[in-house]
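Notes follow once the structure below has been shown.
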Amino acid sequence: MKTHILALAALLPSASDAAKFSINAQPFGEVDGKPVQLYTLSNESGAKVSITNYGGTVTSLIVPDKNGTMGDVVLGFDTVDDYVEKSPYFGCVTGRYANRIAKGKFTLDGKEYTLATNNAPNHLHGGEKGFDKQVWNANLGNDGDNPTLALTYTSPDGEGGYPGTLTSTVTYTWTQHNALRIDYNATTDKPTVLNLTNHSYFNLAGEGSETVLDHKVQINADRYNPVDPTSIPTGIAPVKGTPFDFTTATPIGKRIEQDHEQLKNGKGYDHNYIMKDSRDGKLGVAAIVTESTSGRTLIVKTTEPGIQFYTGNFLDGPKGKGGKVYNHRSALCLEAQTFPDAPNQKEFPSPALRPGETYVQTTIYHLGVSK
Ligand code: GLA
């Protein structure tokens with residue numbers, strides 16, 4: 001029997017046909033007069049992810065360390081009000097256009113569009129009320145052995161200045177192997193641009209741990225986008241011979257304080273890397289992160305052509321879960337995406353979506369341990 005509604009599966013006896021997972025739903029408050037839920041998808045081992053339909057936000061990701069001790073590896077808050085009031089995009093779906101669009105302007109098919117410049121002088125992460133601040137419709141399900149949560153949001157034509165009614169579905173699947181798979185799908189009724197991502201902040205030693213400077217990172221890219229002092233790409237450059245070379249596993253802290261113009265422009269690492277093996281539906285390994293004390297590992301796979309590597313440079317000590325203080329550089333983000341400012345940079349992959357086309361993207365965050 002496989003009826004996976006709310007916490008029912010957890011109550012089933014452990015017969016051979018019993019569910020391998022459970023899904024729990026509980027009220028998580030109200031936003032814009034709409035009730036918001038917190039969904040927890042657990043696999044057979046007890047590892048679990050919690051996601052709210054406010055912003056499609058991953059609020060916790062609880063996985064074992066090398067000794068089997070469970071710990072939460074993503075930053076977040078205990079209440080939806082904290083997310084509304086002060087979240088620096090913790091765990092959310094970011095859109096319509098994740099990352100920056102220069103001066104909040106772009107031209108598509110000869111028509112100019114103006115967006116909010118909420119990260120002066122640029123547009124960032126969809127503007128004042130992006131996808132991270134919307135209440136999404138939720139549908140629970142499973143793909144056999146793994147629980148799923150499908151979230152849908154229809155953004156009206158003109159919302160935030162973007163053209164076209166855009167319907168997006170983000171499906172989270174929590175696998176038996178501790179992988180969080182995220183499948184995105186979107187359609188529009190007018191030509192538009194989009195760039196969706198997930199903005200989880202990871203600390204593999206556990207959220208609230210001091211910094212991620214000891215985390216070793218390997219990124220499957222030999223090129224990246226250098227940026228101007230407002231974080232808009234100025235082109236494409238090789239990583240070789242620079243502190244941006246993560247082609248072999250390197251601790252984040254090893255070179256982050258080097259005297260390099262790009263580290264100043266990004267206030268640390270806050271740059272898009274150009275994937276070698278991912279693009280156009282091809283799922284490639286984008287990055288591998290390891291943390292030796294916990295033994296935890298994170299493998300990121302994506303179909304996207306780029307990944308933003310961000311080292312929590314703007315984290316300034318918000319109080320998160322259980323009152324823990326999230327210090328400067330106490331987390332890292334690996335945001336699979338198309339390139340920043342692509343609507344204005346013709347040599348970048350096109351971020352345009354037209355009626356009749358379907359935007360698809362898959363990104364997987366696979367947590368594990370190495371002993
Ligand atoms: C992204 C951006 C950063 C910063 C964070 C949110 O990663 O690239 O510059 O805006 O989001 O604080």
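Remember, it's 1-based here, ligands and their atoms both numbered in the order they're listed.
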Test side chain to side chain contact (heavy atoms under 4.5 Å, CB included) on L194 and Y184; report intermediate values, then the result.
CA-CA 12 Å; L194 85 159; Y184 304 75; over 6 Å; no
Which donor-acceptor pairs under 3.5 Å do the side chains of residues 226-237 make with protein atoms, sequence neighbours left out?
{"unit_1": "D228", "atom_1": "OD1", "unit_2": "T230", "atom_2": "N", "d": "2.7"}
{"unit_1": "D228", "atom_1": "OD1", "unit_2": "T230", "atom_2": "OG1", "d": "2.9"}
{"unit_1": "D228", "atom_1": "OD1", "unit_2": "S231", "atom_2": "N", "d": "3.0"}
{"unit_1": "D228", "atom_1": "OD1", "unit_2": "I232", "atom_2": "N", "d": "3.1"}
{"unit_1": "T230", "atom_1": "OG1", "unit_2": "N122", "atom_2": "ND2", "d": "3.0"}
{"unit_1": "T234", "atom_1": "OG1", "unit_2": "P226", "atom_2": "O", "d": "3.3"}

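Remark: K264 pairs with D259 by the salt bridge (Lys or Arg N to Asp or Glu O under 4.0 Å) rule, at least two apart or across chains. Qualifying salt bridge (Lys or Arg N to Asp or Glu O under 4.0 Å) partners for K254, counting only residues two or more places apart in sequence or in other chains: none.
Around ligand 1 you find Y89, R100, L124, H125, H199, Y201, D270, Q308, Y310, F314, E335, each with a heavy-atom distance below 4.0 Å.
Taking the six-membered ring where the residue is Trp, the centroids of F202 and Y365 are separated by under 6.0 Å. Taking the six-membered ring for Trp and the full ring otherwise, the centers of Y269 and F244 sit less than 6.0 Å from each other.
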